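Here is the structure we will look at.
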Amino acid sequence: MEFRPRNYIAEEESHALPRSRVHDHPLFTSCPPANHLQVDFVDHENHDFIDPLRAPATNEVVSIEGVQDGESSFTVPSKAATEAFVKEWTSFKRFLMQKFPVSKMVSISSMSDVIIKTSNANLKSSTSKHLEELDDPEKFAEEDVKVITGQEYVSRLHELKDEIKHAWSAGDRVTSLKLSIKVARLLMDTSVLQFYPTLFVLATEVMDMLGDMVWERIKKKAEFAEDGTRLCSLSENFKAHNICFDAKETCYNWFCKVGSTRELLPRIYLELAILPCWRFLVDRPEESLQRLVLMSRGLADPLASSFCRLYMAHCAQKLPSCDIGHLITSVNDVKILLMRILSTKEITHGKSMNNRGLLVSLMEPTIEYTMKCIFKDASQRQVGSVLVELGLGRNQVELFADNPCVSVVLHHLLKELPSEVVSSNAVELLRLIECSSDKSYDQCLNYRLLGFRLCERRPKLDIVNTVADRIIQVVTLHDKLGDFLKIVDPYVDIFLQNQMDNHLNTILEGVSERACSKEIVEDDVVVLHSILKKLLSHFKDLEYVFALNHFLEILDVMYGSSRSIIDMQILNMATRNGHINNPTTIELLFEVCHSLHDGIDFANVKDDDYQQPARLISHFVLMVDYGAEIEQHLTFLVECRGAFGSINELKETLVHSSNRLATKALKDGRKHLSFVKSCIAFSEVTIPSISAQIRQLNLYLESAEVALLAGLISHSDGLVDSAISCMQSVDLINGPLAQVDVDALVTSIQKLCSLLVMVPGNPELGVTYALKSILSLINSQSWITSRMKIKIFCAIISLSATLSQNKLPYNADLEILSNDLFYGDSSYVQELVSLSEHVLWNLVEVIEQEPSRAARGGMALEACNCIASSFKINNDIQPVCSKLIETAKSSLSPNDKYLQSTIKFLELQQPFDFTNQLRS
């Protein structure tokens, strides 16, 4: 058995594509002549091209003046719009239930007899009453107050709803109406403020159900006779004259029954429930709304009154068309109620004014919903008239005069106004906020909302300047950090967009003074997160952000998830523009990484929460470049290893960076050899701490290659030994390997064989010591498959054949010992031949034992190509190749391209008679 001699230089030249020098670019000949490529562009003034996608956003300002005249009613809503509004109402009711959850205990008044009769309400014992009195002494001051749990109250209302439905189905309309009146009467009881929204939602569901049943009954009477004969089919837009007398009489009778209800509040609710039925009697049913609004003024309780108006706004949407006059009247009436609540200092309706804040918060959703209804479908021409009717100006031109507005009403007005109106009247709106100084709503939130609304549509520059100056004056009057942050948060965007650096510095200085003086709460951290995020998003250069006054001070007071998110944004921004070489920036970013690392709970961390911070920190370390200060760079890597030792991915990055530093130092020759040794030592210490064995293996091989480039033979030998030991412990540490890990391990072993071409053989242990270690690994591990063995055996044979050559295909390219020196040593070559012969027979044996025909054929061809490339085709090798070809022929198709190319390759290497044998 003899290795085939190879001339690698000659082979490379023979396989290279022919080259010839050209004068022109090869693609130029297929293009049109150069003069044809010239396109004259003339910018004609009258033919400017306008790209609608690139055109700047218009800053059109819509003034209130001159657009107020015109309609005062909505257009007829479409069916889709009606369905959307129903979904919105359902969502709104869910919001009410969530914001004001069911109370644990609910007191029962005399108005709630329908609940008392069949509920578990009971007289409180002296003990329980005393305990309740400790929680709320005023509420339970009366003796013998009957109480019920909130859940029992809710269950009883659901039972009543079912009773009404069953009575209706049984034809007992009178019972259904009586029970519905009793349910509506419950809404008169506001003794438990917190429970009222839940009561409203459940009671109005009963009202809506009753209204639907009455509607369907009258509609059926209009379409069918008593005997069931169809009289007509009503369209969606039917008129009153389409309705027969019998149906109208039934409808009128229902309104009379409702109108005879003794109490005012139940009477209004019941008429609102059947409000759409006015369509059977008149063509303009919406005219009754103004009458109902005026009736609601007779409701003394502010909470019951405001929620009654809320239900009126909801029921009005069921009509084909209506104006917004009744909604504006409702808002004005609620404003009066709120001003009375806020101005009185006495006890009202048996409730202490300590409940004033709760009462206002309960009324707020009614204002919010009504405002949405007012501006939902209002045209731009209506806005001015609406604002005048709301008392915010003397006429449609002089709007937003110095008339104060209840703060909570103003807040929801600001929320619903069209963005064009807000941007063009920002100064007037700001003055309106300043004039509204009541305690119904946090004025800081109104300033904040105005800022967000101004960000929707950029106002004119003079308006921006006026607003910005005034906001700075306002915000400096607030000493509390929370109030300060609430106001300035949205205006940071405005200052950045308009390059108001002085205002921005003032804001950052104010935040720093208030945040650094004491510990900040979590809500403040969330707002700080918003502000810092805007700063980072606006500037492209991170160094400019770091240079902002007080930025780093503000960053230091942050904590928790908000701090981690900002840290990640900073690192992402820092690493997206290439290398980081400013020492000050590197130091600051290191502190950012330290903060991010400390925020990770490695004991309970999830993979998703861990991967992104780990990736960003690793990327930062990889991007750091100290230039010629290589010693400082290595010190930085040592510091990173100590600071971020819990991140496995980072350790791998540190080894890559260390090896890169060593390679960079070698470009100046061997004068930095001691530094290179330090880098190798750093890698040798770091690699064992990496948990993944295959990653360790690859890093050992990479470091060994660097050591070899530096001529550090002993270091490279030690690293190769570590790599082999790592391979031998893979199965022991990790257990069964996944397929991707198996493939990676085979690739790593092949890479080791390639590296061993440059590593001088060990005179003491023998030149085949490393190869024998690999063979030992193959024989000792049960998880190594036949396919893996074939690839590794082929790699060992190819390496042995390469080492036997007169001239190696590559080397370390330094003046160090190389395997070329062993050429001509018979014992050296004989040792390689002996090992290869042993591997060859193992190779053939593994192929014969492979059970899969297709896999067996592929492995036979792979082995045959390796053997023919490595050995001379003589009497020892010829039978082996013939046997492998026969195995491939019996396992694969005769037309298999790999088989045909292998046979062709063998024809070029063998005598003529053997060629005929292959073809037969």
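Since we're looking at a predicted model, the values are computed, not measured.
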I'd like to know whether N577 forms a side chain to side chain contact (heavy atoms under 4.5 Å, CB included) with L542, so could you lay out the CA-CA distance, the side-chain angles of the two residues, the decisive distance to 0.1 Å, and finally the verdict.
CA-CA 10 Å; N577 295 324; L542 185 61; over 6 Å; no
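- Counting only residues at least two apart or in different chains, salt bridge (Lys or Arg N to Asp or Glu O under 4.0 Å) contacts with residues 651-665 comprise D625-K664, E652-R695.
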Let me see the working for L835 and L775 under side chain to side chain contact (heavy atoms under 4.5 Å, CB included), right down to the final yes or no.
CA-CA 10 Å; L835 176 68; L775 289 175; 3.5 Å; yes
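- When all heavy atoms are compared, the tightest approach of M727 to L745 is CG-CD1, 4.2 Å.
- In terms of modelled atom types and a separation under 3.5 Å, the side chain of Q805 and the main chain of R6 share a donor-acceptor contact.
- In this structure a side-chain-to-backbone donor-acceptor pair under 3.5 Å is present from S689 to T686.
- Side chains of Q900 and N895 form no contact here, defined as non-hydrogen atoms less than 4.5 Å apart.
- A 6.0 Å sphere centred on CG of N875 holds no more than 12 heavy atoms belonging to other residues, nucleotides or ligands.
- Across all their heavy atoms, Y626 and Q632 have their closest contact at CE2-NE2, 3.3 Å.
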Go through the steps for K789 and E850 under the test salt bridge (charged side-chain N to carboxylate O under 4.0 Å, His left out), then give the verdict.
CA-CA 11 Å; K789 290 181 178 179; E850 173 60 38; over 6 Å; no
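- To the nearest 0.5 angstrom, S882 atom OG is 11.0 Å from I877 atom CD1.
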After noting the C-alpha distance and the side-chain angles of S901 and F905, does the key distance pass the side chain to side chain contact (heavy atoms under 4.5 Å, CB included) rule?
CA-CA 6 Å; S901 63; F905 174 68; over 6 Å; no
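- To the nearest 0.5 Å, the span separating CD on E631 from CG on L661 amounts to 9.5 Å.
- In this structure, T902 OG1 and E862 CD are separated by 10.0 Å, a value rounded to the nearest 0.5 Å.
- By the 4.5 Å heavy-atom criterion applied to side chains, R641 and L650 are not counted as neighbours.
- Among residue pairs with one or both ends in residues 696-729, none qualify as ring-ring contact (aromatic ring centres under 6.0 Å, His included); sequence neighbours excluded.
- Between C726 and Q696, the closest heavy-atom pair is SG-CB, 3.6 Å.
- Among residues at least two apart or in separate chains, there is no salt bridge (Lys or Arg N to Asp or Glu O under 4.0 Å) pair with a member in residues 672-689.
- The heavy-atom pair separating S703 from I687 by the smallest distance is OG-CD1, 3.8 Å.
- Evaluation of the ring-ring contact (aromatic ring centres under 6.0 Å, His included) test over residues 864-901, restricted to residues two or more places apart or in two chains, returns F3-F871.
- Under the 4.5 Å side-chain criterion, counting only non-hydrogen atoms from C-beta, I9 is in contact with E13.
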Could you go through the side chain to side chain contact (heavy atoms under 4.5 Å, CB included) check for R615 and E649 one step at a time?
CA-CA 7 Å; R615 179 183 58 82; E649 293 87 340; over 6 Å; no
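- The main-chain N or O of E591 is never found under 3.5 Å from a side-chain atom of S595 such that the two would form a donor-acceptor pair.
- Distance check: I617 CD1 to F644 CZ gives 5.5 Å after rounding to the nearest 0.5 Å.
- Using a 4.5 Å heavy-atom threshold, the side chains of I903 and K889 count as touching.
- Counting all heavy atoms, side chain and backbone alike, A662 lies closest to V676 at O-CG2, 3.8 Å.
- The backbone N or O of C593 lies less than 3.5 Å from no partner atom in the side chain of H597, so there is not a single donor-acceptor pair.
- No side-chain heavy atom of C866 sits under 4.5 Å from any side-chain heavy atom of F793.
- Note that CG of L906 is 10.0 Å distant from CD1 of I867, once rounded to the nearest 0.5 Å.
- Remark: side-chain polar atoms of N865 are paired, donor with acceptor, to backbone N or O of L861 under 3.5 angstrom.
- Pairs engaging residues 831-844 under the salt bridge (Lys or Arg N to Asp or Glu O under 4.0 Å) rule: none recorded [sequence neighbours left out].
- V621 places a side-chain heavy atom less than 4.5 Å from the side chain of F636.
- Put simply, the side chain of R853 gets close to the backbone of S890: a donor and an acceptor are under 3.5 Å apart.
- To the nearest 0.5 Å, atom CD1 of residue I749 and atom CD1 of residue I724 are 10.0 Å apart.
- No side-chain heavy atom of V880 sits under 4.5 Å from any side-chain heavy atom of L843.
- With sequence neighbours excluded, no residue satisfies salt bridge (Lys or Arg N to Asp or Glu O under 4.0 Å) with E639.
- Scanning both residues, M1 and D876, for their nearest heavy atoms gives N-OD2, 2.9 Å.
- Side-chain N or O atoms of S683 include one that pairs as donor or acceptor with a backbone N or O of C679 at under 3.5 Å.
- Between the side chain of S776 and the backbone N or O of K772 there is no donor-acceptor pair closer than 3.5 Å.
- By the 4.5 Å heavy-atom criterion applied to side chains, S658 and L654 are not counted as neighbours.
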